[in-house]
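Let me begin by presenting the structure, written as C-alpha coordinates, before commenting on it.
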Amino acid sequence: MIAAIRGTQDILPGTIERWQFVEATACRVFEQYGYAEIRTPIIEREELFAKGTGETTDIVQKEMYAFTDKDGERIALRPEATPSLVRAFVEHSLEQAMAVPKIYTLGPMFRRERPQKGRYRQFHQLDVEVFGVKDPSVDGEVIDLAWTLIRELGITGVELAVNSVGCPVCRPSFAAALVAALGEDVQTLCGDCQRRAVANPLRIFDCKVPADQRVIDALPHTIDYLCDECRTHFEAVRRYLDVFGIPYTLSHRLVRGLDYYTRTTFEVLAGQIGAQNAVLGGGRYDGLVKQLGGPDRVGIGFAAGVERLVLALPDTLALPEKRPAVFIAAIGEPAREAALTLLRDLRRAGVNAQVEYEGRSLKSQMKRADRLKAPLVFILGEDELARGEVSVRRMATSSQESVPLSGAVEFVKTSQ
RNA sequence: GUGGGUAUAGCUCAGUGGCAGAGCGCCGGACUGUGGCUCCGGAAGUCGCGGGUUCGAACCCCGUUACCCACCCCA
(Lines give C-alpha, C1' and ligand atoms only; values in the text may rest on other atoms or scores of the structure.)
Protein backbone atom coordinates (compact mmCIF):
# COMPACT_ATOMS: atom_id res chain seq x y z
CA MET A 1 0.00 0.00 0.00
CA ILE A 2 1.20 3.48 -0.79
CA ALA A 3 0.43 5.75 2.15
CA ALA A 4 0.12 9.53 2.26
CA ILE A 5 3.51 11.05 2.95
CA ARG A 6 4.50 12.16 6.42
CA GLY A 7 2.82 15.26 7.69
CA THR A 8 0.11 15.24 5.04
CA GLN A 9 -3.37 13.94 5.53
CA ASP A 10 -6.59 13.12 3.78
CA ILE A 11 -9.56 15.04 5.10
CA LEU A 12 -12.45 12.65 4.91
CA PRO A 13 -16.23 12.94 4.98
CA GLY A 14 -17.16 13.32 8.63
CA THR A 15 -14.35 15.83 9.14
CA ILE A 16 -14.52 17.84 5.96
CA GLU A 17 -17.82 19.34 7.10
CA ARG A 18 -15.98 21.16 9.85
CA TRP A 19 -13.46 22.46 7.31
CA GLN A 20 -16.26 23.64 5.06
CA PHE A 21 -17.81 25.42 8.02
CA VAL A 22 -14.55 27.16 8.89
CA GLU A 23 -13.82 28.19 5.32
CA ALA A 24 -17.36 29.35 4.55
CA THR A 25 -17.54 31.34 7.80
CA ALA A 26 -14.17 32.95 7.14
CA CYS A 27 -15.06 33.95 3.58
CA ARG A 28 -18.37 35.40 4.75
CA VAL A 29 -16.77 37.46 7.52
CA PHE A 30 -13.85 38.64 5.38
CA GLU A 31 -16.18 39.72 2.56
CA GLN A 32 -18.39 41.51 5.06
CA TYR A 33 -15.37 43.53 6.19
CA GLY A 34 -14.65 44.46 2.58
CA TYR A 35 -11.78 42.11 1.86
CA ALA A 36 -11.47 40.62 -1.62
CA GLU A 37 -10.30 37.08 -2.26
CA ILE A 38 -7.25 36.42 -4.36
CA ARG A 39 -5.45 33.15 -5.08
CA THR A 40 -1.78 32.88 -5.76
CA PRO A 41 0.37 29.94 -6.86
CA ILE A 42 1.55 27.36 -4.38
CA ILE A 43 5.02 27.44 -5.93
CA GLU A 44 7.10 30.60 -6.08
CA ARG A 45 10.73 31.52 -6.61
CA GLU A 46 12.67 30.51 -3.54
CA GLU A 47 14.07 34.02 -3.45
CA LEU A 48 10.64 35.43 -2.59
CA PHE A 49 10.65 33.71 0.79
CA ALA A 50 14.36 34.17 1.41
CA LYS A 51 13.81 37.92 1.10
CA GLY A 52 10.27 38.07 2.40
CA THR A 53 9.96 35.60 5.25
CA GLY A 54 13.57 36.23 6.17
CA GLU A 55 16.91 34.58 5.50
CA THR A 56 17.52 34.08 9.22
CA THR A 57 14.19 32.44 10.08
CA ASP A 58 13.91 28.73 10.78
CA ILE A 59 11.20 28.58 8.15
CA VAL A 60 13.63 29.50 5.42
CA GLN A 61 16.76 27.97 6.88
CA LYS A 62 15.50 24.49 7.62
CA GLU A 63 11.81 24.04 6.93
CA MET A 64 11.27 25.07 3.34
CA TYR A 65 10.51 22.61 0.58
CA ALA A 66 12.65 23.83 -2.30
CA PHE A 67 14.03 22.25 -5.44
CA THR A 68 15.82 23.11 -8.63
CA ASP A 69 13.55 23.14 -11.66
CA LYS A 70 14.56 21.65 -15.00
CA ASP A 71 15.75 25.02 -16.25
CA GLY A 72 17.91 25.54 -13.19
CA GLU A 73 15.56 27.87 -11.36
CA ARG A 74 15.15 27.53 -7.60
CA ILE A 75 11.51 26.88 -6.73
CA ALA A 76 9.90 26.68 -3.29
CA LEU A 77 6.54 25.44 -2.02
CA ARG A 78 5.18 28.41 -0.12
CA PRO A 79 5.72 28.15 3.64
CA GLU A 80 3.37 31.07 4.27
CA ALA A 81 1.18 33.34 2.19
CA THR A 82 2.24 36.88 3.03
CA PRO A 83 5.22 37.15 0.64
CA SER A 84 3.07 35.81 -2.21
CA LEU A 85 0.34 38.34 -1.50
CA VAL A 86 2.91 41.14 -1.35
CA ARG A 87 4.32 39.95 -4.67
CA ALA A 88 0.87 39.91 -6.24
CA PHE A 89 0.12 43.36 -4.80
CA VAL A 90 3.28 44.74 -6.40
CA GLU A 91 3.15 42.73 -9.62
CA HIS A 92 -0.40 43.78 -10.45
CA SER A 93 -0.27 47.29 -8.97
CA LEU A 94 -3.27 46.41 -6.84
CA GLU A 95 -3.02 49.75 -5.10
CA GLN A 96 -4.14 51.33 -8.40
CA ALA A 97 -6.60 48.59 -9.31
CA MET A 98 -8.41 48.34 -5.99
CA ALA A 99 -10.19 51.08 -4.08
CA VAL A 100 -8.59 49.78 -0.89
CA PRO A 101 -6.06 46.94 -1.09
CA LYS A 102 -7.71 44.67 1.47
CA ILE A 103 -7.26 41.05 0.40
CA TYR A 104 -7.54 37.54 1.71
CA THR A 105 -6.64 34.08 0.54
CA LEU A 106 -6.80 30.53 1.78
CA GLY A 107 -4.99 27.36 0.89
CA PRO A 108 -2.19 24.93 1.66
CA MET A 109 1.24 25.91 2.97
CA PHE A 110 4.26 23.65 3.35
CA ARG A 111 6.91 23.40 6.03
CA ARG A 112 9.18 20.44 6.57
CA GLU A 113 8.88 20.01 10.33
CA ARG A 114 8.26 16.98 12.50
CA PRO A 115 4.49 16.62 12.62
CA GLN A 116 2.59 16.77 15.88
CA LYS A 117 -0.89 17.64 17.03
CA GLY A 118 -2.00 20.74 15.13
CA ARG A 119 1.12 20.85 13.00
CA TYR A 120 1.59 19.27 9.61
CA ARG A 121 3.95 19.51 6.66
CA GLN A 122 1.06 20.45 4.45
CA PHE A 123 -1.20 22.67 6.47
CA HIS A 124 -3.79 25.25 5.59
CA GLN A 125 -4.11 28.89 6.38
CA LEU A 126 -6.61 31.68 6.07
CA ASP A 127 -4.68 34.84 5.35
CA VAL A 128 -5.70 38.49 5.44
CA GLU A 129 -3.61 41.51 4.43
CA VAL A 130 -4.10 45.26 4.10
CA PHE A 131 -1.58 47.39 2.22
CA GLY A 132 -0.74 51.06 2.37
CA VAL A 133 -2.61 52.16 5.49
CA LYS A 134 -0.41 53.59 8.24
CA ASP A 135 -3.21 54.69 10.51
CA PRO A 136 -3.56 52.64 13.70
CA SER A 137 -7.28 52.31 13.05
CA VAL A 138 -6.45 49.65 10.47
CA ASP A 139 -4.54 47.71 13.13
CA GLY A 140 -7.74 47.89 15.13
CA GLU A 141 -9.85 46.71 12.20
CA VAL A 142 -7.59 43.75 11.43
CA ILE A 143 -7.55 42.61 15.05
CA ASP A 144 -11.30 43.11 15.26
CA LEU A 145 -11.67 41.01 12.11
CA ALA A 146 -9.59 38.24 13.65
CA TRP A 147 -11.61 38.37 16.84
CA THR A 148 -14.90 38.36 14.95
CA LEU A 149 -13.79 35.31 12.96
CA ILE A 150 -13.07 33.44 16.18
CA ARG A 151 -16.42 34.47 17.63
CA GLU A 152 -18.37 33.55 14.49
CA LEU A 153 -16.75 30.13 14.55
CA GLY A 154 -18.07 29.72 18.07
CA ILE A 155 -14.59 29.15 19.48
CA THR A 156 -14.37 29.94 23.18
CA GLY A 157 -11.72 29.75 25.84
CA VAL A 158 -9.29 31.75 23.74
CA GLU A 159 -7.05 34.62 24.63
CA LEU A 160 -6.04 37.55 22.44
CA ALA A 161 -2.52 38.71 23.11
CA VAL A 162 -1.22 42.02 21.76
CA ASN A 163 2.18 43.67 21.81
CA SER A 164 4.36 46.11 19.90
CA VAL A 165 7.83 45.07 18.81
CA GLY A 166 8.86 48.53 17.65
CA CYS A 167 10.54 49.45 14.40
CA PRO A 168 14.06 49.47 12.97
CA VAL A 169 14.64 52.72 14.86
CA CYS A 170 13.82 51.54 18.36
CA ARG A 171 14.26 47.77 18.24
CA PRO A 172 18.08 47.70 18.24
CA SER A 173 18.21 49.73 21.43
CA PHE A 174 15.72 47.37 23.04
CA ALA A 175 17.75 44.34 22.01
CA ALA A 176 20.82 45.96 23.52
CA ALA A 177 18.89 46.71 26.71
CA LEU A 178 17.82 43.06 26.88
CA VAL A 179 21.36 41.78 26.62
CA ALA A 180 22.52 44.30 29.19
CA ALA A 181 19.73 43.35 31.61
CA LEU A 182 20.58 39.69 31.24
CA GLY A 183 24.21 40.24 32.09
CA GLU A 184 25.74 37.28 33.83
CA ASP A 185 22.36 35.53 34.09
CA VAL A 186 22.74 34.37 30.49
CA GLN A 187 24.89 31.55 31.83
CA THR A 188 22.00 30.20 33.89
CA LEU A 189 19.59 29.98 30.94
CA CYS A 190 19.00 26.97 28.69
CA GLY A 191 21.18 26.33 25.69
CA ASP A 192 18.56 27.64 23.28
CA CYS A 193 18.37 30.92 25.15
CA GLN A 194 22.13 31.31 25.19
CA ARG A 195 22.13 30.98 21.42
CA ARG A 196 19.20 33.39 21.10
CA ALA A 197 20.96 35.96 23.24
CA VAL A 198 23.56 36.24 20.51
CA ALA A 199 21.49 35.63 17.37
CA ASN A 200 18.13 37.27 18.16
CA PRO A 201 17.71 38.36 21.78
CA LEU A 202 13.97 39.07 21.44
CA ARG A 203 13.31 35.38 20.92
CA ILE A 204 14.35 34.64 24.49
CA PHE A 205 10.76 35.53 25.34
CA ASP A 206 9.62 32.39 23.51
CA CYS A 207 11.41 30.14 25.99
CA LYS A 208 9.19 27.68 27.85
CA VAL A 209 11.85 26.09 30.05
CA PRO A 210 10.47 26.47 33.60
CA ALA A 211 13.83 27.15 35.19
CA ASP A 212 14.42 30.11 32.90
CA GLN A 213 11.19 31.90 33.65
CA ARG A 214 12.27 33.76 36.74
CA VAL A 215 15.07 35.48 34.86
CA ILE A 216 12.93 36.12 31.78
CA ASP A 217 10.09 37.61 33.79
CA ALA A 218 12.47 40.22 35.14
CA LEU A 219 13.62 41.36 31.69
CA PRO A 220 12.61 44.76 30.29
CA HIS A 221 9.53 45.06 28.09
CA THR A 222 9.46 46.12 24.46
CA ILE A 223 6.84 48.78 25.00
CA ASP A 224 9.07 50.63 27.46
CA TYR A 225 11.65 51.09 24.73
CA LEU A 226 9.45 52.17 21.84
CA CYS A 227 10.37 55.35 19.98
CA ASP A 228 7.85 58.21 20.18
CA GLU A 229 6.14 57.30 16.91
CA CYS A 230 5.82 53.63 17.76
CA ARG A 231 4.53 54.41 21.24
CA THR A 232 1.92 56.84 19.94
CA HIS A 233 0.86 54.31 17.34
CA PHE A 234 0.52 51.49 19.84
CA GLU A 235 -1.44 53.63 22.28
CA ALA A 236 -3.86 54.44 19.47
CA VAL A 237 -4.21 50.74 18.56
CA ARG A 238 -5.09 49.95 22.15
CA ARG A 239 -7.66 52.74 22.22
CA TYR A 240 -9.32 51.28 19.14
CA LEU A 241 -9.43 47.85 20.74
CA ASP A 242 -11.14 49.41 23.74
CA VAL A 243 -13.56 51.23 21.45
CA PHE A 244 -14.37 47.98 19.66
CA GLY A 245 -14.81 46.33 23.04
CA ILE A 246 -12.27 43.62 22.31
CA PRO A 247 -10.78 41.99 25.40
CA TYR A 248 -7.04 41.49 25.09
CA THR A 249 -4.03 40.99 27.23
CA LEU A 250 -0.89 42.99 26.78
CA SER A 251 1.78 40.37 26.29
CA HIS A 252 5.29 41.75 26.40
CA ARG A 253 6.55 38.28 25.57
CA LEU A 254 4.77 38.20 22.22
CA VAL A 255 7.66 38.86 19.86
CA ARG A 256 6.79 36.50 16.99
CA GLY A 257 9.16 34.50 14.86
CA LEU A 258 9.25 36.27 11.54
CA ASP A 259 11.78 38.97 10.78
CA TYR A 260 9.45 41.33 9.01
CA TYR A 261 7.12 42.26 11.87
CA THR A 262 7.14 45.86 13.07
CA ARG A 263 5.06 47.61 15.69
CA THR A 264 1.79 45.77 16.33
CA THR A 265 1.89 42.00 16.83
CA PHE A 266 -0.97 39.84 18.00
CA GLU A 267 -1.91 36.24 18.50
CA VAL A 268 -4.97 34.22 19.45
CA LEU A 269 -4.23 31.29 21.75
CA ALA A 270 -6.62 28.41 22.33
CA GLY A 271 -6.58 25.77 25.04
CA GLN A 272 -7.26 22.07 24.58
CA ILE A 273 -5.76 21.77 21.13
CA GLY A 274 -2.31 20.50 22.04
CA ALA A 275 1.02 22.16 22.54
CA GLN A 276 0.65 24.18 19.35
CA ASN A 277 -1.94 26.50 20.77
CA ALA A 278 -1.67 29.52 18.48
CA VAL A 279 -4.68 29.41 16.18
CA LEU A 280 -4.02 32.78 14.63
CA GLY A 281 -1.14 35.22 14.51
CA GLY A 282 -0.21 38.37 12.74
CA GLY A 283 1.05 41.88 12.86
CA ARG A 284 2.31 44.87 10.99
CA TYR A 285 5.14 44.64 8.47
CA ASP A 286 5.91 48.17 7.42
CA GLY A 287 9.13 47.47 5.54
CA LEU A 288 8.27 44.28 3.69
CA VAL A 289 6.69 45.62 0.51
CA LYS A 290 9.67 47.83 -0.23
CA GLN A 291 12.06 45.07 0.71
CA LEU A 292 10.46 42.89 -1.93
CA GLY A 293 11.03 45.51 -4.60
CA GLY A 294 7.71 47.31 -4.38
CA PRO A 295 6.83 50.87 -3.47
CA ASP A 296 7.36 52.02 0.11
CA ARG A 297 4.02 50.85 1.46
CA VAL A 298 3.17 49.57 4.90
CA GLY A 299 1.21 46.41 5.52
CA ILE A 300 -0.60 44.48 8.21
CA GLY A 301 -2.28 41.11 8.30
CA PHE A 302 -2.71 37.78 9.99
CA ALA A 303 -2.76 34.08 9.26
CA ALA A 304 -5.00 31.51 10.91
CA GLY A 305 -4.32 27.79 10.87
CA VAL A 306 -7.33 25.89 9.56
CA GLU A 307 -6.30 22.61 11.20
CA ARG A 308 -6.02 24.40 14.55
CA LEU A 309 -9.30 26.25 14.13
CA VAL A 310 -11.00 22.96 13.36
CA LEU A 311 -9.47 21.45 16.51
CA ALA A 312 -10.67 24.42 18.53
CA LEU A 313 -14.26 24.31 17.28
CA PRO A 314 -16.71 23.60 20.08
CA ASP A 315 -17.66 19.95 20.54
CA THR A 316 -21.25 21.03 20.58
CA LEU A 317 -21.06 22.43 17.05
CA ALA A 318 -23.91 20.82 15.16
CA LEU A 319 -23.49 20.86 11.41
CA PRO A 320 -26.51 20.08 9.27
CA GLU A 321 -26.51 16.44 8.31
CA LYS A 322 -26.20 15.62 4.64
CA ARG A 323 -28.95 13.28 3.61
CA PRO A 324 -31.02 12.59 0.50
CA ALA A 325 -34.61 13.84 0.44
CA VAL A 326 -35.80 10.58 -1.03
CA PHE A 327 -34.51 7.10 -1.83
CA ILE A 328 -36.00 5.14 -4.70
CA ALA A 329 -36.29 1.39 -4.28
CA ALA A 330 -37.16 -0.59 -7.40
CA ILE A 331 -38.19 -4.20 -7.79
CA GLY A 332 -37.76 -5.86 -11.16
CA GLU A 333 -36.25 -4.62 -14.38
CA PRO A 334 -39.23 -2.64 -15.78
CA ALA A 335 -39.58 -0.87 -12.46
CA ARG A 336 -35.87 -0.12 -12.43
CA GLU A 337 -36.19 1.76 -15.68
CA ALA A 338 -39.12 3.75 -14.37
CA ALA A 339 -37.13 4.42 -11.20
CA LEU A 340 -34.23 5.82 -13.16
CA THR A 341 -36.58 8.12 -15.08
CA LEU A 342 -38.04 9.30 -11.80
CA LEU A 343 -34.53 9.76 -10.40
CA ARG A 344 -33.63 11.96 -13.35
CA ASP A 345 -36.76 14.07 -12.95
CA LEU A 346 -36.19 14.52 -9.22
CA ARG A 347 -32.61 15.62 -9.77
CA ARG A 348 -33.61 18.04 -12.52
CA ALA A 349 -36.02 19.53 -10.01
CA GLY A 350 -33.11 20.05 -7.63
CA VAL A 351 -33.96 17.22 -5.26
CA ASN A 352 -31.27 15.07 -3.66
CA ALA A 353 -32.50 11.61 -4.66
CA GLN A 354 -30.59 8.34 -4.46
CA VAL A 355 -31.04 4.78 -5.70
CA GLU A 356 -29.47 1.41 -5.10
CA TYR A 357 -27.19 0.64 -8.03
CA GLU A 358 -26.88 -3.12 -7.69
CA GLY A 359 -30.12 -5.01 -8.22
CA ARG A 360 -30.52 -6.04 -4.60
CA SER A 361 -33.52 -7.25 -2.67
CA LEU A 362 -36.07 -4.72 -1.45
CA LYS A 363 -34.88 -5.46 2.07
CA SER A 364 -31.35 -4.43 1.13
CA GLN A 365 -32.62 -1.33 -0.57
CA MET A 366 -34.61 -0.36 2.53
CA LYS A 367 -31.51 -0.89 4.62
CA ARG A 368 -29.55 1.34 2.31
CA ALA A 369 -32.25 4.02 2.51
CA ASP A 370 -32.18 3.82 6.29
CA ARG A 371 -28.42 4.10 6.36
CA LEU A 372 -28.51 7.14 4.11
CA LYS A 373 -31.07 8.60 6.52
CA ALA A 374 -33.52 9.33 3.72
CA PRO A 375 -36.81 10.45 5.30
CA LEU A 376 -38.82 9.18 2.32
CA VAL A 377 -38.58 6.03 0.23
CA PHE A 378 -40.32 5.62 -3.11
CA ILE A 379 -41.09 1.96 -3.71
CA LEU A 380 -41.62 1.00 -7.34
CA GLY A 381 -42.61 -2.57 -8.19
CA GLU A 382 -44.81 -4.27 -10.73
CA ASP A 383 -48.01 -3.38 -8.84
CA GLU A 384 -47.18 0.30 -8.59
CA LEU A 385 -46.00 0.43 -12.16
CA ALA A 386 -49.28 -1.12 -13.38
CA ARG A 387 -51.27 1.53 -11.49
CA GLY A 388 -48.97 4.39 -12.51
CA GLU A 389 -48.18 5.08 -8.87
CA VAL A 390 -45.36 4.89 -6.38
CA SER A 391 -45.65 3.70 -2.81
CA VAL A 392 -44.23 6.32 -0.46
CA ARG A 393 -42.89 5.17 2.87
CA ARG A 394 -42.21 7.72 5.59
CA MET A 395 -39.32 6.19 7.42
CA ALA A 396 -39.83 8.00 10.69
CA THR A 397 -43.37 6.70 11.17
CA SER A 398 -43.29 3.58 8.97
CA SER A 399 -46.48 4.83 7.36
CA GLN A 400 -47.10 4.22 3.70
CA GLU A 401 -49.31 5.75 1.03
CA SER A 402 -49.70 5.80 -2.75
CA VAL A 403 -48.92 8.77 -4.98
CA PRO A 404 -49.39 9.08 -8.75
CA LEU A 405 -46.06 8.66 -10.52
CA SER A 406 -46.68 11.95 -12.31
CA GLY A 407 -46.97 13.79 -9.00
CA ALA A 408 -43.97 12.19 -7.30
CA VAL A 409 -41.57 15.10 -7.82
CA GLU A 410 -44.06 17.58 -6.48
CA PHE A 411 -44.76 15.31 -3.52
CA VAL A 412 -41.10 15.37 -2.44
CA LYS A 413 -40.80 19.10 -2.93
CA THR A 414 -43.82 19.89 -0.82
CA SER A 415 -42.86 17.53 1.99
CA GLN A 416 -39.32 18.91 2.32
C1' G B 1 17.23 17.46 13.75
C1' U B 2 16.23 15.32 19.20
C1' G B 3 13.25 12.50 22.93
C1' G B 4 9.12 9.26 24.51
C1' G B 5 4.98 6.07 23.15
C1' U B 6 2.45 2.89 19.75
C1' A B 7 1.93 -0.80 15.56
C1' U B 8 -3.09 -7.50 15.67
C1' A B 9 -9.79 -7.59 10.76
C1' G B 10 -12.61 -1.59 7.55
C1' C B 11 -12.78 0.97 12.92
C1' U B 12 -11.80 0.53 18.43
C1' C B 13 -8.96 -2.87 20.83
C1' A B 14 -8.04 -7.86 23.88
C1' G B 15 -4.50 -11.62 23.39
C1' U B 16 3.02 -12.54 28.26
C1' G B 17 5.84 -18.94 24.23
C1' G B 18 1.41 -23.87 22.14
C1' C B 19 -4.95 -23.77 16.50
C1' A B 20 -5.72 -15.66 15.27
C1' G B 21 -9.90 -13.22 18.92
C1' A B 22 -14.08 -9.67 20.66
C1' G B 23 -17.23 -5.39 20.00
C1' C B 24 -18.80 -2.19 16.21
C1' G B 25 -19.18 -2.03 10.89
C1' C B 26 -19.98 -4.94 6.24
C1' C B 27 -22.72 -9.09 3.38
C1' G B 28 -26.68 -12.82 3.65
C1' G B 29 -30.89 -15.18 6.17
C1' A B 30 -35.24 -15.62 9.97
C1' C B 31 -42.82 -17.45 4.88
C1' U B 32 -43.04 -14.52 -2.10
C1' G B 33 -42.30 -6.85 -1.89
C1' U B 34 -40.33 -3.42 3.32
C1' G B 35 -35.37 -0.17 7.27
C1' G B 36 -34.33 0.40 12.73
C1' C B 37 -34.74 -3.84 17.63
C1' U B 38 -33.62 -9.14 18.27
C1' C B 39 -31.70 -13.93 16.66
C1' C B 40 -28.77 -17.07 13.13
C1' G B 41 -24.97 -17.45 9.48
C1' G B 42 -20.84 -15.46 6.40
C1' A B 43 -16.72 -12.69 4.36
C1' A B 44 -12.61 -10.27 6.04
C1' G B 45 -5.55 -10.81 8.94
C1' U B 46 1.82 -10.98 5.52
C1' C B 47 -0.23 -9.92 13.96
C1' G B 48 4.07 -2.97 10.25
C1' C B 49 8.68 -5.03 7.83
C1' G B 50 13.57 -7.88 8.15
C1' G B 51 16.65 -10.92 10.94
C1' G B 52 17.66 -13.84 15.52
C1' U B 53 16.49 -17.24 19.91
C1' U B 54 13.22 -21.65 20.38
C1' C B 55 10.63 -28.13 19.00
C1' G B 56 7.29 -23.92 18.52
C1' A B 57 7.08 -16.49 18.31
C1' A B 58 1.55 -11.78 17.67
C1' C B 59 4.25 -12.59 22.44
C1' C B 60 11.40 -12.87 23.90
C1' C B 61 16.08 -10.29 21.49
C1' C B 62 18.34 -7.06 17.53
C1' G B 63 17.47 -3.91 13.50
C1' U B 64 14.19 -1.06 10.51
C1' U B 65 9.87 1.69 8.86
C1' A B 66 5.45 4.22 9.81
C1' C B 67 2.20 6.76 12.94
C1' C B 68 1.15 9.55 17.51
C1' C B 69 2.81 12.97 21.27
C1' A B 70 6.47 16.40 22.86
C1' C B 71 11.08 19.64 22.03
C1' C B 72 13.00 23.41 18.43
C1' C B 73 9.94 26.69 15.70
C1' C B 74 5.41 28.15 14.07
C1' A B 75 -0.68 28.76 11.96
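All values below come from the heavy atoms of this structure, side chains included, with hydrogens, waters and symmetry mates left out. Not measured: the values here are computed from a predicted model. The chains referred to below are lettered A, B, ... by the order of the sequence lines, with proteins before strands, and numbering in each begins at 1.
- With B:A66, B:G1, B:G33 as the choices, the nucleotide that has an atom nearest any side-chain atom of A:R6 turns out to be B:A66.
- For the 3.5 Å distance criterion, the side chains of A:Y240 and A:D144 fail to qualify, holding no donor opposite an acceptor.
- Going from the P atom of B:G63 to that of B:G3 covers 13 Å, rounded to whole Å.
- A gap of 29 Å separates the P atoms of B:A9 and B:G1, to the nearest Å.
- Put simply, the side chain of A:F49 reaches to within 4.5 Å of the side chain of A:S84, judged on heavy atoms.
- The separation of B:C61 from B:U2, taken at their P atoms, amounts to 24 Å, rounded to a whole angstrom.
- Annotation: B:G18 and B:U54 have their C1' atoms spaced 12 Å apart (nearest Å).
- Nearest to the side chain of A:R111, among B:A75, B:U34, B:G28, sits B:A75.
- As judged by a 4.0 angstrom heavy-atom cut-off over every strand, A:Y120 is placed among the base-contacting residues.
- The pair A:K134-A:D286 does not count as a salt bridge, with every side-chain nitrogen at least 4.0 angstrom from each carboxylate oxygen.
- Among the nucleotides B:C68, B:A75, B:U34, the one closest to any side-chain atom of A:Q400 is B:U34.
- Here B:A70 sits opposite B:U2 as a Watson-Crick or G-U wobble pair (both hydrogen-bonding atom distances under 3.5 Å).
- Taking atom CG on A:D10 and atom C1' on B:C67, their separation rounds to 14 Å, with Å as the unit.
- Within the 4.0 angstrom heavy-atom criterion, base atoms lie near A:E382.
- Checking B:A70, B:U34, B:C73 against every side-chain atom of A:K363, the shortest atom distance belongs to B:U34.
- B:G45 and B:A14 have their C1' atoms separated by 15 Å, given to the nearest Å.
- For A:I379, whose side chain is taken as the heavy atoms from C-beta onward, the closest listed nucleotide among B:G28, B:G1, B:G33 is B:G33.
- Relative to the side chain of A:A303, the nucleotides B:C71, B:G1, B:A75 differ in distance, and B:A75 lies closest.
- A:A275 comes within 4.0 angstrom of the backbone, heavy atoms only, and of no base.
- Here B:C27 is the nucleotide among B:C27, B:C68, B:G29 with the atom lying nearest to any side-chain atom of A:R368.
- Residue A:D127 is classed as having no contact, given no heavy-atom separation below 4.0 Å to the nucleic acid.
- At B:C73, none of the side-chain N or O atoms of A:T57 fall inside 4.0 Å of OP1 or OP2 (strictly under the cut-off).
- Using cut-offs of 30° and 60° for the angle between ring planes, the A:F89 and A:F131 rings count as parallel.
- Across all strands shown, B:G42 forms a Watson-Crick or G-U wobble pair, both distances under 3.5 Å, with B:C26.
- For the C1' atoms, the distance from B:U34 to B:C19 is 43 Å, rounded to whole Å.
- The partner of B:G33 is absent, by the rule that a Watson-Crick or G-U pair needs both atom distances under 3.5 Å.
- Between A:S364 and A:E356, the closest side-chain pair of non-hydrogen atoms is not below 4.5 Å.
- Look at B:A75: it lacks any Watson-Crick or wobble partner with both distances under 3.5 angstrom.
- Phosphate proximity of B:C69 to A:Q116: absent, as no side-chain N or O sits under 4.0 Å from OP1 or OP2.
- Look at the P atom in both B:G17 and B:C60: the space between them is 9 Å, to the nearest Å.
- Remark: side-chain polar atoms of A:E384 are paired, donor with acceptor, to backbone N or O of A:G381 under 3.5 angstrom.
- The listed nucleotides are B:G29, B:A66, B:C73; the one nearest the side chain of A:D58 is B:C73.
- With hydrogens and angles ignored, a donor-acceptor pair closer than 3.5 Å exists between the side chain of A:E384 and the base of B:G33.
- Considering only side-chain atoms of A:K117, the nucleotide from B:U34, B:G1, B:C69 that sits closest is B:C69.
- Atom name C1', nucleotides B:U38 and B:C47: the rounded distance is 34 Å, in whole Å.
- With distances taken from any side-chain atom of A:I331 to the nucleotides B:G3, B:G33, B:A75, the minimum falls on B:G33.
- Residue side chain A:R114 reaches the base of B:G3 through a donor-acceptor N/O pair under 3.5 Å, judged by distance alone.
- For A:Q276 and B:A70, a side-chain-to-base donor-acceptor distance below 3.5 Å is absent, hydrogens and geometry of angles not being considered.
- Here the two rings, on A:Y35 and A:Y104, have centers that are 6.0 Å apart or farther.
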